[in-house]
Amino acid sequence: MAVRYNPREIESKWQEKWAEDRLYEVTEDGSQPKWYALTMFPYTSGDLHIGHWYAMAPSDVHARFKRMQGYNVLHPMGFDAFGLPAENAAIKRGIHPYTWTMQNVENMRRQLKSIGAIYDWSREVITCLPEYYKWTQWFFLKLYEHDLAYRGKAPVNWCPQCRVVLANEQVIDGKCWRCDAEVVHRDLEQWLFRITRYADELKEHDGIDWPERIKIMQRNWVGRSEGADVSFSLDHPGVAEKDIRVFTTRPDTLFGVTFMVLAPEHPLVAKLTMPDRKAAIEEYIERSRRETDIERLSAEKEKDGAFTGAYVTNRVNGEKVPVWIADYVLLTYGTGAVMAVPAHDERDFAFAKKYNLPIRVVIAPPDWKGGELEQAYIEPGTMVNSAQFNGMPSEQGIKAVAEHLKKQGWGGPTVSYKLRDWLISRQRYWGAPIPMVYCDKCGIVPVLEKDLPVLLPEDAEFRPTGESPLQLNEKFVNTACPKCDGAARRETDTIDGFLCSCWYFLRYCSPHYDGGAFDPEKVKYWMPVDIYTGGAEHAVMHLFYARFFIKAIRDMGLVDFGEPFTKLFNQGIILAQRQKMSKSKGNVVTPDEYVNELGADTVRAYLMFIGPWDQGGEWDDSGIGGMSRWLNRVWNVVLDGYQARSGVALEGEKAQVDLRRFVHQTIRRVTGDMERLHFNTMISALMELTNYLLKVRESGNVAGSAWREAVDTLLLLLAPTAPHFTEELWQRTGHGYSIHNQPWPKWDEVLAREEEITLVVQVNGKLRDRLTVPASITEDEAKRLALESEKAKPHFAGKTIASVIYVQGRLVNVVVR
RNA sequence: GCCGGGGUGGCGGAAUGGCAGACGCAGCGGACUUAAAAUCCGCCGGAGUGAUCCUUGUGGGUUCGAGUCCCUCCCCCGGCACCA
């Protein structure tokens with residue numbers, strides 16, 4: 001009797017039908033509230049693996065749920081299509097990056113369609129197409145126009161394997177985010193975005209519902225710290241600068257400075273180095289330059305450095321202190337120079353010990369007798385050896401010394417950030433060309449808006465030389481200056497792909513609009529995104545850049561909101577062999593064969609059932625058969641027909657109330673779980689309803705109408721999870737097309753209410769008995785029943801009852817002594 | 001080192017401070033079958049004949065009552081890490 005349904009047949013049938021009817025195409029309909037459900041679009045790597053499905057299927061389920069709840073839902077999909085792998089494929093296999101990328105798009109689009117999501121494919125966006133990157137370039141010009149893009153020389157992160165510079169955020173543990181090669185430093189002229197101008201705003205997440213850990217990561221990345229700027233006077237033969245400035249969070253320790261340390265790359269080092277120190281200094285600089293960040297930043301590494309032979313004067317006490325260089329000082333933070341207070345800083349302490357530099361206590365530990373310190377004392381204390389500040393608590397001293405500096409004109413309170421400007425030049429081919437021109441007469445000139453897009457030439461050399469491939473392309477490089485029409489050269493670097501993903505969610509709102517990057521009216525309707533789901537690995541890259549970008553264009557008046565994503569949710573990572581799936585590790589699991597064999601609906605449901613969505617976990621297909629079995633049980637219980645037994649009127653009445661109660665409780669549970677994205681327990685609830693229906697069918701004790709209500713409800717509640725399966729059953733049970741246009745079921749609190757409860761009887765907190773009692777039972781009655789319980793009685797026989805605790809609807813706890 | 005998240009049966013996991021182990025997987029027993037698969041029914045944390053006792057990483061605490069709250073320590077995952 002039991003039948004196995006044929007997923008392959010019904011899934012392709014309904015996917016075709018939905019596409020034909022444009023069931024999921026959306027317009028800006030004012031009669032319903034809007035809901036923008038965005039899933040991070042995939043990079044066009046070639047294949048969708050099970051991890052992609054884990055990101056996409058549950059978010060589609062939630063979007064479908066919202067749709068049934070009556071929202072006008074935009075749930076778009078597209079492709080992040082610019083990036084290095086395309087170019088590497090070109091180098092390795094001689095395929096043009098465009099060809100490679102578009103082939104991958106084809107394949108991934110097919111895979112994405114097999115999920116059975118409500119993606120509105122008429123809104124698809126592909127970032128590497130000129131109709132898209134024209135506007136990426138346009139935004140670049142806008143940022144330039146508003147002084148948010150500039151060209152600067154800076155020490156940059158260089159990935160020797162990708163042969164490209166990286167933004168700070170793209171360096172993970174001293175390694176390239178894409179290829180894991182160790183990053184080294186180079187000095188290059190590059191284009192940067194002034195993301196630091198938004199540091200204070202980026203560190204706040206007011207009015208948005210984001211995971212705490214992502215907010216903390218972003219806050220740490222901004223790395224705001226309050227302190228003081230201190231100027232040390234410099235009087236060095238042949239050096240124009242008359243001071244060196246440092247940043248410190250501990251101005252209260254200023255009187256304890258016994259030396260100064262500059263970063264090896266600091267521009268003053270060459271000028272300050274005395275002739276007799278030159279050899280040692282140069283050797284040290286050479287050595288630290290050779291080291292990668294990994295070696296250099298290793299916490300274990302001993303503090304070492306070299307003495308320049310120069311001195312500066314600490315203005316507060318007139319002391320001359322020696323100037324050293326050491327690679328524990330970073331050029332890119334603060335001013336690239338620090339005042340060293342060995343008594344109260346662990347690094348300075350280690351350095352002073354190694355080179356026998358004086359250590360002077362200026363913050364007295366609580367029971368300090370004036371002796372030498374065993375280690376740096378970094379806690380607060382009382383200021384000593386600090387002239388007019390002696391006796392002041394150091395916490396107070398921080399402010400007092402900073403104010404003193406300000407009054408004297410030697411510095412003052414200031415704020416420093418860890419965040420650096422966003423470096424966006426890439427010396428590669430497969431990206432949007434930076435729309436800038438260099439003219440001998442006019443200097444740096446932006447390309448005129450009417451001349452966009454600056455097209456990527458099709459014929460380019462893809463051999464990685466470390467220079468931009470476009471540089472070798474004469475036809476591309478040589479152009480006319482937009483200002484004077486004279487001979488000029490194009491910028492040959494391309495834009496970091498992360499700019500493409502800063503605005504794709506705006507493009508989805510009006511993907512074919514050609515009057516601008518987006519239609520302002522449509523963006524006003526859809527934005528901001530109501531729920532954005534994707535991996536947490538983008539915490540300080542994509543998610544950070546996109547927030548900056550939106551704030552920047554808000555200040556240009558292009559949009560009227562400052563946060564693009566109202567709610568953010570990070571799904572967990574699906575692992576294979578305890579590692580994240582990736583092509584390079586060769587551990588990818590493709591969903592295709594599971595889909596072929598068991599159907600997309602089973603795969604969707606299984607992925608959601610394995611655990612809480614934000615948890616992820618090791619991929620293990622041993623339970624997927626169970627999911628398939630369950631759907632088959634639903635298939636059979638729905639289609640096999642139901643026969644109410646005759647002559648069961650009285651008995652049947654209770655069974656019927658019980659069934660309806662169960663159904664309405666299930667609606668309540670499933671709705672709550674859907675709202676909170678608790679998909680695993682949502683599916684458990686539907687399984688319990690199925691099991692209940694199987695028992696009811698056996699007994700035949702309810703009326704046909706109650707049975708139908710139960711079956712219809714089960715299908716409706718299951719529709720977001722198993723869209724093809726439920727569409728088929730909805731039709732076969734005589735309903736109209738489509739189940740996905742049905743309203744989400746509502747529960748009736750009265751029907752869902754329990755009539756009887758299990759009253760637990762405890763003695764001293766230990767379970768002794770369970771009583772079935774009416775839900776309306778009074779406290780006195782409950783206590784009376786508990787004290788009369790045959791099972792509980794022996795446990796308080798001969799003892800004194802100290803108190804009886806009653807918890808409404810749950811238990812009675814008899815406390816005895 | 002610092003900041004998050006986590007540790008519950010053989011496994012994935014469930015549990016507003018109130019019946020620990022829902023739901024599922026695996027396993028075991030049974031029905032159907034010549035047989036197997038599929039399907040269906042039952043059992044399924046540990047000890048004990050039993051009443052009962054033990055059990056949510058460790059040790060302590062708060063509470064009538066703790067997987068849940070507080071403190072100590074151990075382990076796993078993620079992030080940051082010479083940021084002056």
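Every chain is numbered from 1 and lettered A, B, ... according to where its sequence line falls, protein lines coming before strand lines. Note that these values count all heavy atoms, side chains included, but never hydrogens, waters or copies made by symmetry.
For the residue pair A/His205/A/Arg219, the side-chain donor-acceptor check at 3.5 Å is not satisfied. At a cut-off of 3.5 Å, with distance as the only test, no side-chain donor of A/Gln615 or A/Trp613 sits close to an acceptor on the other residue. With 3.5 Å as the limit, one finds a donor-acceptor pair spanning the side chains of A/Trp630 and A/Thr690. For A/Asp200 and A/Tyr417, the side-chain atoms include at least one donor-acceptor pair closer than 3.5 Å.
The aromatic ring centres of A/Phe351 and A/Phe259 sit less than 6.0 Å apart.
Annotation: side chain of A/Trp53 is in contact with side chain of A/Arg604 (closest heavy-atom distance under 4.5 Å). Between A/Thr602 and A/Ile624, some side-chain heavy-atom pair lies under the 4.5 Å cut-off. Looking at A/Asn587 and A/Trp619, their side chains never come closer than 4.5 Å, going by heavy atoms from C-beta outward. For the pair A/Arg287 and A/Asp327, the minimum side-chain heavy-atom distance is 4.5 Å or more.
Distances were taken from every side-chain heavy atom of A/Ile216 (C-beta onward) to each of B/rC23, B/rC80, B/rC3; the shortest belongs to B/rC3. In this structure, of B/rC76, B/rC82, B/rG18, it is B/rC76 that holds the atom nearest to the side chain of A/Arg578. Here the nucleotide nearest the side chain of A/Met687, chosen from B/rC82, B/rG4, B/rG24, is B/rG24. Closest to the side chain of A/Pro612, from the set B/rG78, B/rC19, B/rA14, is B/rA14. Ranking B/rC19, B/rG24, B/rA22 by closeness to the A/Glu688 side chain, first place goes to B/rA22. Taking every side-chain heavy atom of A/Tyr333 into account, B/rA84 is the closest of B/rC82, B/rA84, B/rU39. The side chain of A/Asn813 has B/rG65 as its nearest neighbour among B/rA84, B/rG4, B/rG65.
As judged by a 4.0 angstrom heavy-atom cut-off over every strand, A/Val338 is placed among the base-contacting residues. Looking at heavy-atom distances under 4.0 Å, A/Asp348 makes no contact with the nucleic acid at all. Across all strands, A/Thr758 comes closer than 4.0 Å to base atoms (heavy-atom distances). Nucleic acid contact class of A/Arg817 (heavy atoms, under 4.0 Å, all strands): none. A/Asn680 comes within 4.0 angstrom of the backbone, heavy atoms only, and of no base. Contacts of A/Ser225 with the nucleic acid, taken as non-hydrogen atoms under 4.0 Å apart, involve only primed sugar atoms and P, OP1 or OP2. In this structure, A/Arg810 reaches the bases: a heavy-atom distance under 4.0 Å links it to at least one base atom across the strands shown.
B/rA14 and B/rG21: their C1' atoms are spaced 7 Å apart (whole Å).
Pairs engaging residues 673-698 of chain A under the salt bridge (Lys or Arg N to Asp or Glu O under 4.0 Å) rule: A/Asp640-A/Arg697, A/Arg669-A/Glu688, A/Asp673-A/Arg676 [sequence neighbours left out]. Screening residues 612-626 of chain A for salt bridge (Lys or Arg N to Asp or Glu O under 4.0 Å), with sequence neighbours left out, gives no hits.
Counting non-hydrogen atoms of neighbouring residues, nucleotides and ligands closer than 6.0 angstrom, the CD atom of A/Glu749 exceeds 12 such neighbours.
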Assess the residue pair A/Ser394 and A/Arg250 against the criterion (side chain to side chain donor-acceptor pair (under 3.5 Å)); give the C-alpha distance rounded to whole Å, side-chain angles, the decisive distance to 0.1 Å, and a yes or no. CA-CA 9 Å; A/Ser394 62; A/Arg250 294 292 303 273; 4.6 Å; no

A correct dot-bracket answer for RNA chain B, with pairs being Watson-Crick or G-U at under 3.5 Å, [ ] for crossing pairs and | for inter-strand pairs, is (((((((..(((.....[....))).(((((.......))))).(((....)))..(.(((..]....))).))))))))....

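Checking A/Glu698 against A/Gly617, the closest nucleotide of RNA chain B that is more toward the 5' end is the one next to A/Gly617. Nearest-nucleotide assignment on RNA chain B puts the 5′-proximal partner with A/His678, out of A/His678 and A/Trp221.
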Might you list the N or O atoms of the protein lying below 3.5 Å from N or O atoms in nucleotides 46-55 of chain B, with each pair's distance?
| from | atom 1 | to | atom 2 | distance (Å) |
| --- | --- | --- | --- | --- |
| B/rC53 | OP1 | A/Arg768 | NH1 | 3.4 |
| B/rC53 | OP1 | A/Arg768 | NH2 | 3.1 |
| B/rC53 | OP2 | A/Arg768 | NH1 | 3.2 |

Could you go through nucleotides 9-12 of chain B and list every protein N or O atom that sits under 3.5 Å from one of its N or O atoms, giving the distance for each pair?
| from | atom 1 | to | atom 2 | distance (Å) |
| --- | --- | --- | --- | --- |
| B/rG12 | O2' | A/Ile610 | O | 2.4 |

For nucleotides 25-27 of chain B, which of its nitrogen or oxygen atoms have a protein nitrogen or oxygen under 3.5 Å away, and what is each distance?
| from | atom 1 | to | atom 2 | distance (Å) |
| --- | --- | --- | --- | --- |
| B/rC25 | OP1 | A/Arg629 | NE | 3.3 |
| B/rC25 | OP1 | A/Arg629 | NH2 | 2.9 |
| B/rC25 | O2' | A/Ser622 | O | 3.3 |
| B/rA26 | OP2 | A/Arg629 | NH2 | 3.3 |

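The distance from atom CD1 of A/Ile378 to atom P of B/rG1 is 14 Å, rounded to the nearest whole Å. At whole-Å resolution of the value, CD1 in A/Ile214 and C1' in B/rC3 are 13 Å apart. In this entry the distance linking CG of A/Leu331 with C1' of B/rA84 reads 14 Å, nearest Å. We find that CG of A/Leu575 is positioned 20 Å from P of B/rG5, with the value rounded to whole Å. For A/Leu598 and B/rA38, the CG to C1' distance is 14 Å, given to the nearest whole Å. For A/Arg224 and B/rA84, the CZ to C1' distance is 17 Å, given to the nearest whole Å.
By the 30° and 60° cut-offs, the orientation of the rings of A/Phe247 relative to A/Tyr333 is perpendicular.
In this structure, A/Asn636 does not reach the B/rU39 phosphate: none of its side-chain N or O atoms is under 4.0 Å from OP1 or OP2. Side-chain N/O atoms of A/Asn570 include none lying less than 4.0 angstrom from OP1 or OP2 on B/rG78.
Rounding to the nearest 0.5 Å places OH of A/Tyr355 at 11.5 Å from NZ of A/Lys303.
Under the 90° criterion around 0 for the glycosidic angle, B/rG4 counts as anti.
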